[in-house]
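Data first, discussion second: the structure below is written as structure tokens.
What you see is a predicted model, and the numbers here were worked out from it, not measured in a lab.
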Amino acid sequence: MKSELDGTCIRLAHVPPLQITVCPLRSIVLLAFVALTAHGARAADETQAPATPPPVNITIHYLGKAYDDEPVPLSLVDPILTDNGVQGARLAIEDNNKSGQFLGQHYQLVEDIVPANGEVVAKAKEILKDGPIIIVADLEAKDLLAVADLPEAKDSIIFNIRLSDDDLRQEQCRFNIFHVAPSNAMRADALAQYLVWKKWPKWFVLKGVAPSDKDYVAAVERAAGRFGGKIVEEREYKFDAANPRTDSGHQQIQTQMPEVTQGAPAHDVLWVADTTERFGEYVPYRDYDPRPVVGTQGLIAVAWHRSYEQYAGTQMQHRFERFAKRIMTERDYSAWLAVRSIGEAVTRGEKSDVASIRTYLLSDASTVAGFKGEGLSFRIWDHQLRQPMLITSARSLVSMSPQEGFLHPKFLTDTLGYDAPETKCKFPK
């Protein structure tokens with residue numbers, strides 16, 4: 001084989017049947033041109049591309065207290081929880097950051113839990129010192145209102161995830177409080193609609209003596225008037241329930257409950273009002289007349305329940321159990337909704353300051369997905385989150401309210417609780 005020089009190329013001969021030509025100088029020039037062109041294009045792109053903006057940081061405070069008077073579950077089946085509520089907020093922060101990482105958003109949860117002998121107001125002043133903030137409030141009524149009434153909290157957003165008191169949505173409403181937890185009126189209306197749909201309109205009410213029991217009974221009375229129910233009698237349970245965990249405890253309760261409930265007028269259901277869990281769990285199957293038990297125990301109306309699996313609820317149940325190593329409670333769900341509503345407001349409203357978030361939450365565009373088959377939103381007249389209510393027994397979903405046939409011109413969920421014409425809440429203009 002020999003080579004022949006032809007200008008700037010070298011022809012390699014005697015390689016039959018191929019004839020190969022190599023042009024080293026031309027190749028070098030071409031490679032240099034390509035390299036310079038690519039470098040120039042890259043330099044132009046780097047000059048023209050805007051710098052990536054820093055992430056928007058959204059801080060949410062979880063403000064709670066280790067209350068001494070937290071109701072202890074009557075049943076050994078229900079564990080005593082020390083992280084009720086906060087686990088829902090933690091999971092929602094994780095959910096917000098999963099989408100926020102693609103949108104330049106970063107969410108942080110600061111947990112401010114006051115000890116039993118601590119002062120909630122002092123902690124609130126500390127976290128409010130730098131201006132308006134977002135608070136998920138796991139507080140009793142006295143502390144919630146004390147925090148909301150602080151001058152420093154005037155322009156903040158405070159989510160109530162614990163309390164169902166109707167007066168907090170009515171005469172004692174505050175413009176900076178948003179209620180994620182369902183009200184007593186919503187719970188009573190949800191059950192009342194189902195009972196009327198079942199044609200069980202006669203209700204015998206067995207009520208406790210706690211102030212919260214009286215508030216709940218007032219909601220039941222209101223529901224009867226709204227939907228055609230009739231309370232045939234209201235009877236107070238004034239006794240100390242026996243201890244069922246003693247060897248003879250079940251026998252004492254078996255004797256006591258028929259005595260307490262006998263002699264009532266004819267009724268379709270026995271409606272229990274025991275918000276502090278003193279006796280209600282002992283009523284089913286032990287009342288004098290064989291009637292269904294509903295209310296705070298028995299068949300209940302709640303925002304969330306461990307048996308719920310509709311509208312991808314199973315996915316939520318499993319995710320929470322993997323995350324928290326326990327079932328999701330209603331308070332966990334309310335805390336999760338509160339934090340997720342902030343994520344939705346920042347993403348869709350495209351602003352992260354507290355004032356803009358509040359404006360979006362109260363707008364017609366505001367909605368948050370809650371595994372209920374429809375978007376959930378806040379009412380502008382009392383800042384209550386409107387949502388379908390689950391009607392459940394201990395182990396399964398029975399129904400969901402609002403029930404078929406109970407109509408509203410805009411939101412069917414506004415048939416649960418106080419509608420705009422009924423509200424006694426007067427926000428400052």
Side-chain angles (χ1 to χ4, degrees), residues 57-71 81-90 92-93 107-184 210-212 215 275-276 329-332 334-339 341-342 353-355 357-358 361-362 378 382-385 424-428:
N57 293 308
I58 301 98
T59 299
I60 301 173
H61 290 262
Y62 189 97
L63 182 59
K65 184 175 181 178
Y67 291 105
D68 287 330
D69 58 351
E70 192 83 32
L81 301 178
T82 58
D83 57 356
N84 193 9
V86 70
Q87 288 284 19
R90 291 169 182 168
I93 285 289
Y107 296 84
Q108 179 185 9
L109 184 69
V110 178
E111 298 175 19
D112 300 297
I113 309 299
V114 179
N117 60 351
E119 291 292 332
V120 172
V121 170
K123 173 58 72 172
K125 287 182 177 180
E126 177 185 331
I127 64 179
L128 286 162
K129 64 181 184 297
D130 294 326
I133 60 175
I134 301 167
I135 298 175
V136 176
D138 186 3
L139 299 172
E140 293 184 352
K142 181 180 177 181
D143 289 329
L144 177 66
L145 292 178
V147 171
D149 289 340
L150 289 172
E152 301 94 323
K154 177 183 177 183
D155 297 321
S156 295
I157 296 174
I158 303 172
F159 290 102
N160 165 35
I161 65 164
R162 171 190 283 250
L163 303 170
S164 295
D165 309 41
D166 282 324
D167 63 339
L168 294 176
R169 285 92 168 156
Q170 298 300 304
E171 295 88 349
Q172 295 296 322
C173 65
R174 300 292 191 273
F175 187 73
N176 54 358
I177 297 180
F178 287 72
H179 301 281
V180 185
S183 65
N184 282 331
S212 55
D215 293 341
T275 58
T276 58
T329 67
E330 185 182 63
R331 197 182 305 174
D332 290 319
S334 294
W336 181 86
L337 278 177
V339 175
S341 68
I342 295 300
D353 62 286
V354 176
I357 291 173
R358 179 192 296 107
L361 290 176
L362 295 175
F378 288 95
D382 60 3
H383 294 182
Q384 172 67 56
L385 184 73
K424 299 176 183 176
C425 176
K426 303 296 181 184
F427 289 134

Side-chain donor/acceptor of Lys65 to backbone N/O of Pro115, under 3.5 Å: no
Any side-chain to backbone donor/acceptor pair from Gln384 onto Ala181? Under 3.5 Å, distance only. yes
Apply the side chain to side chain contact (heavy atoms under 4.5 Å, CB included) test between Ile157 and each candidate in Ile357, Ile177, Ile60; give the one that qualifies. Ile357
Any sub-3.5 Å donor-acceptor pair from Lys154's side-chain atoms to Pro151's backbone N or O? no
Assess whether side chain to side chain contact (heavy atoms under 4.5 Å, CB included) is satisfied between Asn57 and Gln108, documenting all intermediate values. CA-CA 8 Å; Asn57 293 308; Gln108 179 185 9; over 6 Å; no
Going through the checks in order, is the side chain to side chain contact (heavy atoms under 4.5 Å, CB included) test met by Glu152 and Lys129? CA-CA 7 Å; Glu152 301 94 323; Lys129 64 181 184 297; over 6 Å; no
Side chain to side chain contact (heavy atoms under 4.5 Å, CB included), that's the test. Do Lys125 and Leu150 meet it? Break it down for me. CA-CA 8 Å; Lys125 287 182 177 180; Leu150 289 172; 3.6 Å; yes
Taking the side chain as C-beta and beyond, is there a heavy-atom pair between Ile158 and Phe178 under 4.5 Å? no
Check: Tyr107 and Thr59 side chains under 4.5 Å, non-hydrogen atoms: no
For the side chain to side chain contact (heavy atoms under 4.5 Å, CB included) test, which of Val136, Ile133, Val120 pairs with Leu63? Val120
With a 4.5 Å heavy-atom cut-off, do Gln87 and Trp336 have their side chains touching? no
Please determine whether a side-chain nitrogen of the Lys or Arg among Glu111 and Arg90 lies less than 4.0 Å from a carboxylate oxygen of the Asp or Glu. yes
Carefully, step by step, assess Arg331 and Asp138 under the rule side chain to side chain contact (heavy atoms under 4.5 Å, CB included). CA-CA 9 Å; Arg331 197 182 305 174; Asp138 186 3; 3.4 Å; yes
Say whether, by atom type as modelled, one donor and one acceptor occur between the side chain of Gln170 and the main chain of Lys424 under 3.5 angstrom. yes
Report yes if the distance between the aromatic ring centroids of His383 and Phe175 is under 6.0 Å, otherwise no. yes
Per the side chain to side chain contact (heavy atoms under 4.5 Å, CB included) rule, which among Asp215, Leu144, Asp382 passes with Leu168? Leu144
Under a 3.5 Å distance rule, please check whether Arg162 uses its side chain to pair with a backbone N or O of Asn160 as donor and acceptor. no
Quick one: are Val110 and Ile127 in side-chain contact, heavy atoms under 4.5 Å? no
With the side chain counted from C-beta on, respond yes when Glu330 and Pro182 share a heavy-atom pair under 4.5 Å apart, and no when they do not. yes
Do Phe159 and Ile342 have side-chain heavy atoms sitting under 4.5 Å apart? yes
Side chains of Ser341 and Leu361: closer than 4.5 Å at any heavy-atom pair? yes
Counting only N and O atoms by type, is there a donor-acceptor contact under 3.5 Å from the side chain of Tyr62 to the main-chain atoms of Val86? yes
Taking Tyr67 for the side chain and Ala116 for the main chain, is one N or O donor matched with an acceptor at less than 3.5 Å? no
Within the side chain of Asp143, is there an N or O that forms a donor-acceptor pair under 3.5 Å with the backbone of Leu145? no
Flag, side chain of Asn176 to backbone of Ser156, donor-acceptor distance under 3.5 Å: no
